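Structure, as structure tokens:
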Amino acid sequence: MTKEGVSEAVLSALADLDHAFDAALSAIDADPDHNRAYSGATELVETLRRLFEASADQRALAAARIFEQERMSLAGLADRIGVSKARAAQLIKTAKDANEQRGNATEGNR
């Protein structure tokens, strides 16, 4: 992972996440019941999948903030964040979809 430009708060939270992951692995390995160990490993995979999806959405939202706040073209965004123009467009679409999902979730809670 590249740590350049990452805030101390984010680095600290990621270190905690890394520690929690190691603790989960250790607990799964230490469980003498192989069925419970498998269930624990399955829970770990499902949790990591959910975290991966949420973090991908967060990355797209951050890219969209750059795009909107700095009023740049897709090519400019792509150059800025080091991806292709097509990937930049995908990130903007993902951010739009994530914002719509958040809006729908908020409306459902009313």
Side-chain angles (χ1 to χ4, degrees):
M1 169 180 25
T2 213
K3 295 181 180 179
E4 186 176 316
V6 179
S7 74
E8 286 298 319
V10 171
L11 290 175
S12 177
L14 291 174
D16 291 344
L17 184 60
D18 199 36
H19 178 74
F21 176 76
D22 289 343
L25 286 180
S26 293
I28 291 165
D29 284 342
D31 196 325
D33 182 316
H34 58 278
N35 290 306
R36 256 193 339 240
Y38 180 80
S39 292
T42 299
E43 259 323 293
L44 178 61
V45 167
E46 289 302 314
T47 299
L48 291 173
R49 181 195 53 75
R50 181 182 53 76
L51 293 173
F52 174 81
E53 290 174 1
S55 61
D57 285 350
Q58 192 63 44
R59 182 176 184 229
L61 289 165
R65 284 172 47 194
I66 294 169
F67 180 69
E68 291 166 6
Q69 289 178 359
E70 298 186 21
R71 298 180 183 175
M72 55 179 44
S73 65
L74 280 175
L77 176 64
D79 186 53
R80 175 65 145 335
I81 63 175
V83 299
S84 69
K85 184 178 172 184
R87 180 66 182 129
Q90 287 174 337
L91 288 169
I92 297 303
K93 183 184 180 324
T94 298
K96 180 181 175 192
D97 293 346
N99 276 328
E100 287 175 4
Q101 286 179 343
R102 287 179 178 185
N104 291 338
T106 302
E107 288 174 11
N109 290 333
R110 290 182 195 176

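Sequence positions, counted from 1, serve as the residue numbers for this chain. Note that the structure is predicted; figures quoted are calculated from it, not measured.
A distance of 11.0 Å separates CD of Glu46 from CG of Leu51, quoted to the nearest 0.5 Å. Note that CG of Asn99 and OG1 of Thr94 are 11.0 Å apart. Values are rounded to the nearest 0.5 Å. Between Ile81 atom CD1 and Leu77 atom CG the span is 4.0 Å, to the nearest 0.5 Å. Between the CG atom in Asp57 and the CG atom in Leu91 there is a gap of 10.5 Å [rounded to 0.5 Å].
Apart from Leu61 itself, the hydrophobic cluster it occupies contains nothing, where clustering links Ile, Leu, Val, Met, Phe, Trp and Tyr at side-chain heavy-atom distances under 4.5 Å.
Ser12 places no side-chain N or O within donor-acceptor distance of the main-chain N or O of Glu8, the cut-off being under 3.5 Å.
For residues 73-93, the salt bridge (charged side-chain N to carboxylate O under 4.0 Å, His left out) pairs, not counting sequence neighbours, are Glu70-Arg80, Lys93-Asp97.
Classification of Arg49 and Glu53 as a salt-bridged pair holds, one side-chain N sitting under 4.0 Å from a carboxylate O.
The hydrophobic clustering, which links ILVMFWY residues whose side-chain heavy atoms are closer than 4.5 Å, places Leu11 and Leu17 together.
Across all non-hydrogen atoms, the minimal contact from Asn35 to Asp33 is N-OD1, 2.8 Å. A pairwise comparison of heavy atoms in Ala88 and Leu74 identifies CB-O, 3.9 Å as the closest pair. Of all non-hydrogen atoms in Met72 and Ile66, the two that sit nearest each other are SD-CG2, 4.0 Å. Here the shortest heavy-atom pairing between Ala60 and Ala95 reads O-CB, 3.5 Å.
Within the 4.5 Å cutoff, side-chain heavy atoms of Thr47 are placed close to those of Arg50.
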